[in-house]
Amino acid sequence: MEAKSKTVATIRRPVSGAQAPPMTRGEPTYATSNSQVTAPPSAVVYCEGNFAQIDGKTANGLVRHSQAYRILSVIDSTYSGQDSGSVLDDAINHIPVFGDLDAAVAHEAVIPDTLIYGMAPSTGRLSTADRGVVLQAIELGMNIVSGLHEYLSDDREIANAASEQNVTIRDIRKPKPSKDMRLFDGSVAGVKALRIAILGTDCAIGKRTTATVLARALNAKGIKTVLVGTGQTGLMQGAKYGIAMDAVPPQFCCGELEGAIVAASEAEQPDVILIEGQGALSHPAFCTSAFILRGSQPDAVILQHAPKRVHRCDFPNMRMPSSTSEIALIEAFADTKVIGVTLNHEGMSEAEITDTIAAQSHKIGLPVTDALARPAEHLLAMVVAAYPGLTQRPPAAAV
């Protein structure tokens with residue numbers, strides 16, 4: 001990609017789905033360290049004008065859950081001085097929001113290790129204003145993490161600045177050379193763990209958040225579960241296994257995902273492997289759901305749906321599909337079954353959530369819940385109802 005390609009300002013869109021505040025207050029999610037003795041690097045998440053919005057989904061996900069980085073603060077002048085948890089989920093998480101990088105750095109005793117670009121604009125590009133913040137962070141000696149389609153390590157100005165300051169640039173979406181990529185070979189069929197894909201009826205609808213909540217609930221129940229990430233945010237959060245599928249050439253998408261699942265199975269010996277969904281199978285702008293279904297060969301699918309969303313995200317002339325039509329398409333496309341539906345409660349009142357759960361469950365004959373607005377136990381029960389043997393088998397051996 002050309003280093004001097006035209007930049008486009010990020011788009012601000014209404015809050016949605018997993019980015020919307022839950023209707024009930026749960027325990028706040030804190031950035032946590034992983035099991036290593038060394039604490040994870042500290043990070044400030046840059047999300048100017050987009051925190052708690054769809055295009056800020058990377059920042060939203062990181063303040064809810066992060067193993068790879070210790071999130072110190074968020075930058076978004078819209079919410080300067082507020083608590084990010086209160087803004088996002090109406091639950092204090094003690095991760096403050098600042099108006100600019102200077103304020104975020106001044107708040108800390110030492111300069112943070114990392115600046116994370118916390119937006120996922122539909123353009124996939126860095127705006128002129130954002131470029132200035134990235135260069136400022138590099139000048140301060142901060143490493144840079146980006147999930148853009150525009151690789152900052154290929155940008156001459158940014159790369160030279162990083163080299164001069166001896167800091168690193170981590171482009172999450174930058175794939176390895178195609179010569180090192182893996183073709184699908186069918187070895188996923190030998191994976192013993194139950195494989196469940198979390199798909200949706202649109203992009204930016206909460207699939208990753210639902211998958212994260214379900215993984216926690218299963219592990220808390222003693223059902224060893226590994227979440228395989230398929231997008232930049234999941235990898236930034238610390239997913240041990242996964243790939244940024246929308247940056248992999250189509251020829252290798254199925255094989256690369258299969259390789260991640262096989263690696264997770266062999267190394268972790270889990271009871272369940274969850275596969276994070278991308279886009280929607282019915283969405284003409286995305287093909288990742290098709291690759292996920294082919295590459296993971298899931299035993300089951302949980303479908304994320306936004307009942308109040310009228311049109312596809314970024315496509316005002318493209319109406320949303322129904323949950324029933326998406327279920328029919330998924331089950332016709334792949335040898336799998338949908339075992340339940342989870343709601344994205346954007347634009348819904350508490351009463352509407354309750355009524356919709358009941359109506360949808362009656363209509364499709366499957367369990368329905370909301371991963372954020374209802375207890376995680378409901379999501380867990382959805383899986384156990386479909387696979388009761390999960391609670392009857394001995395716990396997976398520790399690795």
Side-chain angles (χ1 to χ4, degrees), residues 11 13-14 16-20 54-55 57 120 122 124 184 195-211 214 228-231 233-234 243-248 250 253-254 257 274-348 356-357 359-361 363-371 382 386:
I11 301 170
R13 289 178 280 173
S16 171
Q19 287 76 49
I54 289 179
D55 279 352
K57 67 179 184 179
S122 57
F184 183 84
R195 300 186 300 282
I196 303 175
I198 314 299
L199 304 185
T201 52
D202 196 10
C203 66
I205 204 167
K207 298 179 287 287
R208 185 196 70 255
T209 297
T210 290
L214 178 56
V228 173
T230 57
T233 304
I243 55 169
M245 290 196 69
D246 61 0
V248 176
C253 276
C254 294
L257 178 58
L274 300 180
I275 302 97
E276 175 196 3
Q278 297 292 324
L281 185 60
S282 62
H283 202 313
F286 304 102
C287 56
T288 39
S289 286
F291 294 134
I292 287 169
L293 284 167
R294 294 294 192 231
S296 69
Q297 300 283 296
D299 300 292
V301 168
I302 292 173
L303 183 70
Q304 181 93 358
H305 180 57
K308 283 291 191 81
R309 189 177 293 191
V310 177
H311 60 80
R312 308 268 198 177
C313 185
D314 285 335
F315 294 87
N317 297 321
M318 193 180 296
R319 290 189 63 82
M320 283 283 290
S322 66
S323 57
T324 52
S325 67
E326 195 75 21
I327 290 170
L329 180 61
I330 290 169
E331 294 184 343
F333 182 83
D335 183 17
T336 190
K337 61 180 179 179
V338 176
I339 61 171
V341 171
T342 49
L343 300 184
N344 169 321
H345 60 251
E346 63 186 35
M348 299 176 71
T356 303
I357 287 174
Q360 285 272 311
S361 181
K363 181 178 180 179
I364 63 179
L366 293 171
V368 178
T369 188
D370 184 315
M382 179 186 293

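Taken from CG in Asp370 to OG1 in Thr210, the straight-line distance is 7.5 Å, to the nearest 0.5 Å. Atom SG of Cys203 and atom CG of Asp246 lie 11.0 Å apart (nearest 0.5 Å). The CG atom of Leu281 sits 9.5 Å away from atom OG1 of Thr288, with the distance rounded to the nearest 0.5 Å. Distance check, rounded to the nearest 0.5 Å: CE of Met320 to SG of Cys313 gives 9.5 Å. Separation of atoms NZ (Lys207) and CG (Asp202) is listed at 7.0 Å; rounding is to 0.5 Å.
When the side-chain hydrogen bond (donor to acceptor under 3.5 Å, both in side chains) test is applied to Glu276, the partners found at least two apart in sequence or on another chain are Gln278. With sequence neighbours left out, the side chain to side chain contact (heavy atoms under 4.5 Å, CB included) criterion links Ala197 to Leu199, Ile275, Ile292, Pro298, Val301. Considering only residues two or more places apart in sequence or on other chains, Ser361 meets the side-chain hydrogen bond (donor to acceptor under 3.5 Å, both in side chains) condition with none of them. With sequence neighbours excluded, no residue satisfies ring-ring contact (aromatic ring centres under 6.0 Å, His included) with Phe184. When the side-chain hydrogen bond (donor to acceptor under 3.5 Å, both in side chains) test is applied to Ser323, the partners found at least two apart in sequence or on another chain are Gln360. Here Lys308 pairs with Glu352 under the salt bridge (Lys or Arg N to Asp or Glu O under 4.0 Å) rule; sequence neighbours left out. Taking the ring-ring contact (aromatic ring centres under 6.0 Å, His included) definition, one finds that Phe333 meets it with nothing, sequence neighbours left out. Under the rule for a salt bridge (Lys or Arg N to Asp or Glu O under 4.0 Å), Asp299 has no partner lying at least two apart in sequence or in another chain. For Ile357, the side chain to side chain contact (heavy atoms under 4.5 Å, CB included) test picks out Leu343, Ile353, Val368, Arg374, with sequence neighbours left out. Residues satisfying the side chain to side chain contact (heavy atoms under 4.5 Å, CB included) test with Thr233, not counting sequence neighbours, are Thr58, Arg208, Gln237. Looking at residues two or more places apart in sequence or on another chain, you find a side chain to side chain contact (heavy atoms under 4.5 Å, CB included) between Ala300 and Ile196, Ile339, Tyr387.
The shortest distance between side-chain heavy atoms of Ile205 and Arg309 falls below 4.5 Å. Contact annotation: the side chain of Thr342 approaches that of Met382 to within less than 4.5 Å [non-hydrogen atoms, C-beta and beyond]. Using a 4.5 Å cut-off on side-chain heavy atoms (C-beta onward), Ile327 and Leu366 make contact. With contacts defined as side-chain heavy-atom distances shorter than 4.5 Å, the pair His345/Pro307 does not qualify.
For the pair Glu326 (side chain) and Ser282 (backbone), a donor-acceptor distance under 3.5 Å is present. Not a single donor-acceptor pair under 3.5 Å links the side chain of Thr209 to the backbone N or O of Gly206. The main-chain N or O of Arg294 is found under 3.5 Å from a side-chain atom of Gln297 such that the two form a donor-acceptor pair.
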| request: Using the side-chain contact (heavy atoms from CB on, under 4.5 Å) rule, take Thr201 and Gln304 through it: C-alpha gap first, then chi angles, then the decisive distance, then the call. | output: CA-CA 6 Å; Thr201 52; Gln304 181 93 358; over 6 Å; no
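Contact between Arg312 and Ala280 at its shortest, heavy atoms only, is NH1-CB, 3.9 Å. Closest non-hydrogen pair, Leu274 versus Ala211, comes out as CD1-O, 3.5 Å. Nearest heavy-atom pair, Ser325 versus Pro321, reported as atom, atom and distance to 0.1 Å: OG-CB, 3.6 Å.
Here ring pair (Phe, Tyr, Trp, His ring centres under 6.0 Å) pairs that include residues 292-330, with residues two or more places apart or in two chains, are His283-Phe315.
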